[in-house]
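Treat the numbers as computed from the prediction; the structure is a model and nothing was measured.
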Amino acid sequence: MIIRLDNLEDPRLRVFSSYTDAELRDGRQMVGLARSAGMEPEALAAGLFIAESRNVIERAKAAGLAPFALLVEECWEEQAAPLVAQLPVETPAFVATRAQVKALTGFERTRGPLAAFQRPAPLPLPQLLEGARRVAVLEGVTNYTNIGAIFRSAAALGIDAVLLDATCHDPLYRRAARVSMGTVFQVPWGRLEEGTLAQAGLPQLKHLGFTTCALALTDNSVSIEDERLKGAEKLALVLGNEEHGLLPATIATCDYTAKIPMAHNVDSLNVAAASAVAFWETRPR
């Protein structure tokens, strides 16, 4: 349903302007928005997220996620036409001028249409890991670009699932999803909501049969090329914060600690680059 804006009063537009990312994730904050859109209050119980660009939106739709509204700047209208044609008839597609988009979002420019989607319900850990052989575990990764890049590498290099601890930033945040090229909708992921990796996450992974490997520089680190890692039936690769790395307790709880052999006295790589190397080296043969 195409709606050409002559004002910004439609309450459904608030999803692009009035809510912080944390509020969008909070279903309690979405009750009023659901009612203003003629939906049952519980319809948005899992919250919403914003996707930017045609590629990301198409991958979200292909993953079966339900769109709430689309916002299209006039310069992107032709590019967005196939998207609009695929929307459910009740889903509004707002077409706006550059000035209106800026007034709504505060963005100086957009990289394509914006879409609000209903967030998927989180997957319980056993369901997330069912059938998985290679898992990426993230602790304290707080850079959206790195999260997006890790997911893109995970999708390309055979990672079956991604588990984030409670301190990691949201993979569905607009920038993370865009950097991932929409692969955040292709790789199953979940979050450890309670406890640290050392207390809860890693013990659960071990109980499910995973060998756990921390990517860290320690005196007893083995090479990421070690045959014990490559040959593991089920392997969880644990990656840490961009600045501080992994917590000591996390490293101590893992079965192995591994490093990437490097030249020219370089001691480490960015976490996103390191993840790609580790995913490739330990892929199932």
| query | Judged by modelled atom types alone, do N55 and S53 share a side-chain donor-acceptor pair under 3.5 Å? | reply | no
| message | Between Q79 and W76 (side chain of the first, backbone of the second, donor and acceptor by atom type, cut-off under 3.5 Å), is there such a pair? | response | no
| What is the distance from atom CZ of F68 to atom CG of L24, rounded to the nearest 0.5 Å? | 10.0 Å
| Parallel, tilted or perpendicular: rings of F151 and W189 (30°, 60°) | perpendicular
| task | Measure the spacing between CD of Q204 and CD of Q199 and express it to the nearest 0.5 Å. | result | 12.0 Å
| Is there a donor-acceptor pair closer than 3.5 Å between any side-chain N or O of N241 and the backbone N or O of G140? | yes
| request: Spell out, as yes or no, whether a donor-acceptor pair under 3.5 Å connects the side chain of N146 to the backbone of A149. | output: no
| message | Other residues, nucleotides and ligands only: do more than 12 of their heavy atoms fall within 6.0 Å of CD on E194? | response | no
| request: Determine, stepwise, if the pair K259 / E225 fulfils salt bridge (Lys or Arg N to Asp or Glu O under 4.0 Å). | output: CA-CA 9 Å; K259 62 183 178 181; E225 301 168 309; over 6 Å; no
Check: residues 271-282 side-chain donor-acceptor pairs under 3.5 Å, at least two apart:
unit_1	atom_1	unit_2	atom_2	d
S275	OG	A272	O	2.6
T282	OG1	A278	O	2.7

| Donor + acceptor pair across side chains of T212, D255 (<3.5 Å) | yes
| said: For a quick test of reading the model, state the closest non-hydrogen atom pair linking L125 to L163 and the distance between them. | reply: CD1-CD1, 3.7 Å
| Shortest non-hydrogen contact between S221 and A216, atoms and distance | OG-O, 2.8 Å
| query | With side chains defined as the heavy atoms from C-beta onward, is the minimum distance between L205 and L208 less than 4.5 Å? | reply | no
| Could you give the distance from CD (E139) to OG1 (T250), rounded to the nearest 0.5 Å? | 3.5 Å
| query | With a distance cut-off below 6.0 Å to the six-membered ring centre and an angular limit of 45° from the axis, does R174 pair with F107 as a cation-pi contact? | reply | yes
| query | Which residue pairs pass the ring-ring contact (aromatic ring centres under 6.0 Å, His included) test with at least one member in residues 14-67, sequence neighbours excluded? | reply | F49-F117, F49-F185
| query | In Å and rounded to the nearest 0.5 Å, what is the OG to CG distance from S180 to L172? | reply | 9.0 Å
